[in-house]
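Worth knowing before you read on, the calculation uses all heavy atoms, side chains too, and leaves out hydrogens, waters and symmetry mates. Treat the numbers as computed from the prediction; the structure is a model and nothing was measured.
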Amino acid sequence: MRSDREFALRLLEGAKRGGADLAEVYLKSSRSLSAEVRGQKTDALESSTAFGYSLRVIKDGRLGFSFARAKEDADSVIARALEASRWAEQDEWLDLPVPSEQPALRIFDGAIASMSEGEASENALKIEKAALDADARIRKVRKAYASFSRSDALIMNSRGLEKACSGTACTAQLTVVAEEGGDSQMAWDFEGSRFLSDVVFEEVGKRAAGKAALLLGAKNISSVKCPVILDNSVATEFLGIFSSLLSSESVQKGKSLLAHRHGEEVVNPLVSIVDDGLMEHKLGTMPFDDEGVSTSRKYLIKDGVLRGFLYNVYTARKERMTSTGNAVRGGISGLPGVGPTNLYIPASLASS
């Protein structure tokens with residue numbers, strides 16, 4: 001990482017010499033390994049590495065941005081970012097974050113980082129075998145898949161902020177088809193963590209098989225108003241809808257139904273929604289967001305009442321707020337947007 005730090009400093013210094021008032025470097029490298037099996041044989045095995053970086057500059061209140069995947073393109077990246085700022089409109093809300101204390105989080109697992117291709121295939125095979133062994137009615141496995149990745153991130157800006165971390169991720173997923181008496185039902189299951197020991201590959205297969213078998217013989221019912229129990233995957237879809245409504249970006253663009261409803265009851269009082277970037281071992285857990293702002297745990301909705309929204313630096317400045325540590329990037333080629341870390345409904349409150 002030392003060479004990456006020196007490289008980032010070179011980009012910042014080049015941008016400042018070119019007249020930038022503020023500059024930020026976002027640098028990321030990754031290694032991923034995935035295995036997909038079918039019929040207890042490895043069907044696909046993929047391994048890849050990636051490296052890239054972006055430069056964001058603010059000059060005379062105008063934004064410039066550029067990115068590349070080769071360090072040899074550094075001078076061109078600096079020139080393109082500065083040139084882009086010449087043609088952008090002035091925006092008084094542009095800014096970069098200042099340094100802040102970084103929480104100590106465990107997000108790196110050496111067992112994932114050192115995963116071999118053979119081990120990856122073996123884990124994927126466990127998923128499929130467990131599903132087929134769980135119930136004789138499981139006739140097809142559409143996809144048994146396991147992935148393992150490591151990423152290293154460095155964010156540095158001209159305000160003195162410097163954040164770096166390494167993280168790992170492991171996921172397992174499966175789609176199966178159960179058949180009986182002419183009826184056919186499909187089900188899916190997934191599990192993921194930053195630590196290998198948290199993912200029990202056999203359990204993913206068993207759960208998917210159980211879901212598909214449970215659906216056999218299912219029938220439609222007449223419309224009725226009644227209490228229901230939502231499967232986790234269904235509840236997640238609802239949270240996916242809410243995540244966009246709780247984004248300050250959506251609010252400021254007039255796309256959120258929750259705009260201007262701060263302090264009001266917006267859902268049932270039994271429901272609270274939390275965004276927590278500090279949850280142990282979870283895939284969305286990070287010590288800082290994609291601008292280098294420290295992550296945190298916060299209630300967005302508590303006891304049905306809207307408490308706040310998710311912010312990055314730009315959207316926070318527009319409302320004279322503070323970033324909540326929810327800046328997200330789709331990769332090195334994009335500017336920071338707004339998104340959740342680990343969004344969930346606390347079980348104790350949801351069932352009280």
Worksheet item: Between Arg297 and Tyr299, is NZ or CZ placed under 6.0 angstrom from the six-membered ring centre and within 45° of the ring axis?
Response: yes

Practice problem: Report the C-alpha separation of Ser294 and Ser100 in whole Å, then their side-chain angles, then the decisive distance to 0.1 Å, and conclude whether the side-chain hydrogen bond (donor to acceptor under 3.5 Å, both in side chains) test is met. | Solution: CA-CA 7 Å; Ser294 297; Ser100 59; 3.2 Å; yes

* **From CA spacing to verdict: salt bridge (charged side-chain N to carboxylate O under 4.0 Å, His left out), Arg137, Asp135** => CA-CA 5 Å; Arg137 293 171 293 179; Asp135 196 304; 2.9 Å; yes

Taking every heavy atom of Ala144 against every heavy atom of Ala124, the minimum-distance pair comes out as CB-O, 4.1 Å

* Asked: With a 4.0 Å cut-off, would you call Asp43 and Lys41 a salt bridge?
  -> no

Margin query: Looking at Asp21 and Lys59, is any side-chain nitrogen of the basic one under 4.0 Å from a carboxylate oxygen of the acidic one?
Written below: no

On a heavy-atom basis, the closest approach of Val57 and Ala20 is CB-CB, 4.0 Å

(request) Show your reasoning for whether salt bridge (charged side-chain N to carboxylate O under 4.0 Å, His left out) applies to Lys206 and Glu203. (result) CA-CA 5 Å; Lys206 291 177 183 177; Glu203 288 301 315; 3.7 Å; yes

- Item | Residues Asp75 and Arg10 bridged, charged N to O under 4.0 Å | yes

Q.
Can you classify the ring geometry of Tyr311 versus Phe309 as parallel (below 30°), tilted (30 to 60°) or perpendicular (above 60°)?
A. perpendicular

- Query: Is the count of non-hydrogen atoms from other residues, nucleotides or ligands lying under 6.0 Å from Glu89 atom CD greater than 12?
  - Reply: no

- prompt: Does atom NZ of Lys282 have more than 12 heavy-atom neighbours, drawn from other residues, nucleotides or ligands, at distances under 6.0 Å?
  reply: no

Any sub-3.5 Å donor-acceptor pair from Asp189's side-chain atoms to Ala208's backbone N or O?
-> no

Open item on the list: Under 6.0 Å between ring centres: does that hold for Phe108 and Phe195?
Closed with: no

Does the side chain of Asp73 come under 3.5 Å of the side chain of Ser76 through a donor N or O and an acceptor N or O? no

Tell me whether Ser149 contacts the main-chain N or O of Arg31 through its side chain, where contact means a donor paired with an acceptor under 3.5 Å.
no

For the pair Asp275 and Asn326, evaluate side-chain hydrogen bond (donor to acceptor under 3.5 Å, both in side chains) and give the outcome as yes or no after the intermediate values.
CA-CA 9 Å; Asp275 181 70; Asn326 288 93; 3.0 Å; yes

Review point. Could you go step by step and tell me if Thr285 and Asn342 meet the side-chain hydrogen bond (donor to acceptor under 3.5 Å, both in side chains) rule?
Key: CA-CA 7 Å; Thr285 298; Asn342 300 301; 3.0 Å; yes

Q) Are any of the side-chain nitrogens in Lys129 or Glu202 under 4.0 Å away from the carboxylate oxygens of its partner? A) no

| query | Would Glu291 and Arg56 pass as an ion pair if we require N to O under 4.0 Å? | reply | yes

Quiz item: Ser248 and Thr315: side-chain donor and acceptor closer than 3.5 Å?
Solution: yes

Problem - Carboxylate-amine/guanidinium contact Arg194 Glu280, below 4.0 Å - result: no

Between Pro269 and Glu265, the two heavy atoms sitting closest are CG-OE1, 3.6 Å

Could you state whether Leu174 and Leu33 fall into the same hydrophobic cluster, counting links through intermediate Ile, Leu, Val, Met, Phe, Trp or Tyr residues with side-chain heavy atoms under 4.5 angstrom apart? yes

Here the pair of heavy atoms bringing Tyr145 nearest to Glu36 is CD1-CB, 4.2 Å

Here the pair of heavy atoms bringing Met286 nearest to Cys165 is CE-SG, 3.4 Å

Query raised in the report: If you draw the axis of the six-membered ring of Tyr26, does the NZ or CZ of Arg329 fall within 45° of it and under 6.0 Å from the ring centre?
Result: yes

>> Under a 4.0 Å threshold between the charged nitrogen and the carboxylate oxygen, would Lys16 count as salt-bridged to Glu13?
In response: no

In short, Ser256 meets Val251 closest at the heavy-atom pair CB-CG2, 3.8 Å

Worksheet item: Between Ser250 and Ser244, is any side-chain donor less than 3.5 angstrom from a side-chain acceptor?
Response: no

Practice item. For the pair Ser66 and Arg80, evaluate side-chain hydrogen bond (donor to acceptor under 3.5 Å, both in side chains) and give the outcome as yes or no after the intermediate values. Key: CA-CA 6 Å; Ser66 185; Arg80 290 200 305 267; 3.0 Å; yes

